[in-house]
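Working notes, beginning with the structure itself.
For this chain, numbers begin at 1 and follow the sequence in order. None of these values were measured; they are calculated from a predicted model.
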Amino acid sequence: MRKPISNTPPDERSTGNRLKISSSRPLRGDSQHNAATHGHTMYQGRLHGALAHRLGVDILRGTFKSGEILPNEIESSSKLAISRSAYREAIRILAAKGMVESRPKTGTRVTERERWNLLDPEVLGWMFETEPSQDFIKALFELRLITEPAAAELAAIRRSDEQVEQMRAALEIMKRDTLQTETGRRADLEFHHALIQATSNEALASLSSSIEAAVSWTTRYKARHNALTRDPVPDHERVFEAIERRDAGGARWCMESLIRMAHEDTQKTFHP
């Protein structure tokens, strides 16, 4: 029996082929499973997150460009050996992040970059799986300069003794394990999280996950490029000491200095 001639437009078939090639990479979602061989045994809930991750990285990398139509769910679910519901859920995840939009009859289209929620912690993580531009790195540090010095100033005024101890404990781990280790980087996030919570500012606290993601990924980026030649822990100590003694102006200045030094360290990855 002859195979029916495909009615899929050539550009859509090309997009589908790129997704098929992309699918040769393991799906994230369970480190003990590889979707190339275990796609049918993985939970669909893990699969849709893994597929959203893969498509998100490909969009950020430019494999799928703004304005381009993604393969339809029937074609994609068949090629990737996943259910149509898992594919639809992956698309919903990307749509919620502003990266795609679905319209009747036209399909799912990649949106303009201006609409992407680049401060979504997950999107930031995907961005750093590509090679982020120097302008994007600079933008993240500018964001930090706008928010974190003011947060440190408020924290110095409003912090509780318990929050001081949380920052102190995180700082001790950073000093012991350094930011070259996963434990040290986790403690760094805990330090910044405790600081933002100490502001008692609900609006700032709502930004904490984005700020912490920016801190995390720029630190990892420096470590990946062997740029942690200067120990940043003393910079954190100076911020902590100012907050502990309720020196609002000193806390602001020390945090601004910390961020500027971190940006200089990161710039060395572009101009060693």
Side-chain angles (χ1 to χ4, degrees), residues 28 53 56-57 59-62 97 99 113 116-153 155 167 170-171 173-199 204-240 243 251-272:
R28 286 195 175 186
H53 163 267
V57 171
I59 290 170
L60 291 165
R61 186 179 283 123
K97 300 177 189 302
M99 300 180 76
R113 184 181 174 92
W116 302 350
N117 185 1
L118 294 176
L119 290 183
D120 181 292
E122 198 167 21
V123 175
L124 273 176
W126 297 345
M127 177 68 79
F128 279 88
E129 289 191 37
T130 69
E131 193 64 23
S133 68
Q134 189 171 359
D135 285 343
F136 182 73
I137 297 289
K138 180 182 177 183
L140 285 181
F141 278 104
E142 287 175 345
L143 171 69
R144 293 185 61 188
L145 278 171
I146 290 168
T147 55
E148 290 186 83
E153 182 176 20
M167 284 183 272
L171 194 55
I173 296 172
M174 291 164 63
K175 289 163 63 176
R176 183 190 70 210
D177 294 344
T178 80
L179 296 185
Q180 295 279 15
T181 68
E182 186 64 34
T183 304
R185 288 191 290 267
R186 219 167 26 241
D188 184 24
L189 291 185
E190 290 168 2
F191 178 89
H192 287 271
H193 179 76
L195 188 154
I196 292 175
Q197 295 302 312
T199 67
L204 259 179
S206 71
L207 291 175
S208 64
S209 60
S210 295
I211 294 171
E212 290 161 28
V215 171
S216 173
W217 287 110
T218 51
T219 302
R220 288 173 181 274
Y221 184 83
K222 288 184 290 182
R224 189 174 80 192
H225 289 78
N226 300 315
L228 290 179
T229 55
R230 185 187 65 85
D231 183 8
V233 173
D235 299 335
H236 289 74
E237 288 183 294
R238 284 187 283 273
V239 172
F240 170 75
I243 290 174
R252 173 185 274 274
W253 186 89
C254 289
M255 179 59 84
E256 182 174 333
S257 176
L258 182 157
I259 296 167
R260 292 191 185 280
M261 293 296 288
H263 188 201
E264 287 181 19
D265 290 343
T266 306
Q267 286 180 310
K268 293 174 185 175
T269 67
F270 296 102
H271 305 290

Walk me through it: do Trp126 and Ile59 pass the test side chain to side chain contact (heavy atoms under 4.5 Å, CB included)?
-> CA-CA 10 Å; Trp126 297 345; Ile59 290 170; over 6 Å; no
To the nearest 0.5 Å, what is the distance between OG1 (Thr218) and CG (Leu124)?
-> 9.5 Å
With under 30° as parallel and over 60° as perpendicular, where do the rings of Phe141 and His263 fit, or are they tilted in between?
-> parallel
In this structure, NZ of Lys97 is separated from CG of Leu119 (nearest 0.5 Å) by 12.0 Å
State plainly whether the residues Glu237 and Lys175 are in salt-bridge range, i.e. N to O under 4.0 Å.
-> yes
Are the side chain of Thr266 and the backbone N or O of Ala262 linked by a donor-acceptor pair below 3.5 Å?
-> yes
Donor-acceptor side-chain pairing of His53 and Glu129 below 3.5 angstrom | yes
In terms of ring plane angle, is the pair Phe136 and Phe128 parallel, tilted or perpendicular, where the classes change at 30° and 60°?
-> tilted
Side-chain heavy atoms of Glu153 within contact of Thr199, under 4.5 Å | no
His236 vs Met167 side-chain heavy atoms within contact, under 4.5 Å | no
Are the side chain of Arg185 and the backbone of Gln180 linked by a donor-acceptor contact shorter than 3.5 Å?
-> yes
Hey, are Arg260 and Glu264 close enough for a salt bridge, meaning a charged N less than 4.0 Å from a carboxylate O?
-> no
Heavy-atom nearest pair, Ser208 first then Gln197, reads OG-NE2, 4.1 Å
From CG (Leu145) to NZ (Lys138), nearest 0.5 Å = 11.0 Å
Given Glu148 and Leu258, is the side chain to side chain contact (heavy atoms under 4.5 Å, CB included) satisfied, shown in steps?
-> CA-CA 10 Å; Glu148 290 186 83; Leu258 182 157; over 6 Å; no
Looking at Arg238 and Asp235, does any basic side-chain N land under 4.0 Å from a carboxylate oxygen?
-> yes
At what distance, to the nearest 0.5 angstrom, does CD1 of Ile259 lie from OG1 of Thr147?
-> 6.5 Å
Heavy-atom check, side chain of Leu179 versus side chain of Pro232, under 4.5 Å = yes
Side-chain heavy atoms of Met255 within contact of Leu195, under 4.5 Å | yes
Nearest 0.5 Å, what's the CE-OG distance between Met127 and Ser133?
-> 7.0 Å
Minimum heavy-atom separation for Ile196 to Ala205, with atom names?
-> CG2-CA, 3.9 Å
Would you indicate whether the side-chain heavy atoms of Arg144 and His192 approach each other to under 4.5 Å?
-> yes
Quick one: closest heavy-atom pair of Gly184 and Asp177, and the distance?
-> N-CB, 4.1 Å
Smallest separation among heavy atoms of Pro132 and Ile137, with atom names = CG-CD1, 4.0 Å
Using a 4.5 Å cut-off on heavy atoms from C-beta on, say whether the side chain of Asp231 contacts that of Thr178.
-> no
Without hydrogens or angle criteria, can the side chains of His193 and Glu212 be said to hold a donor-acceptor pair below 3.5 Å?
-> yes
CG of Leu118 to CZ of Arg113: how many Å apart, nearest 0.5 Å?
-> 5.5 Å
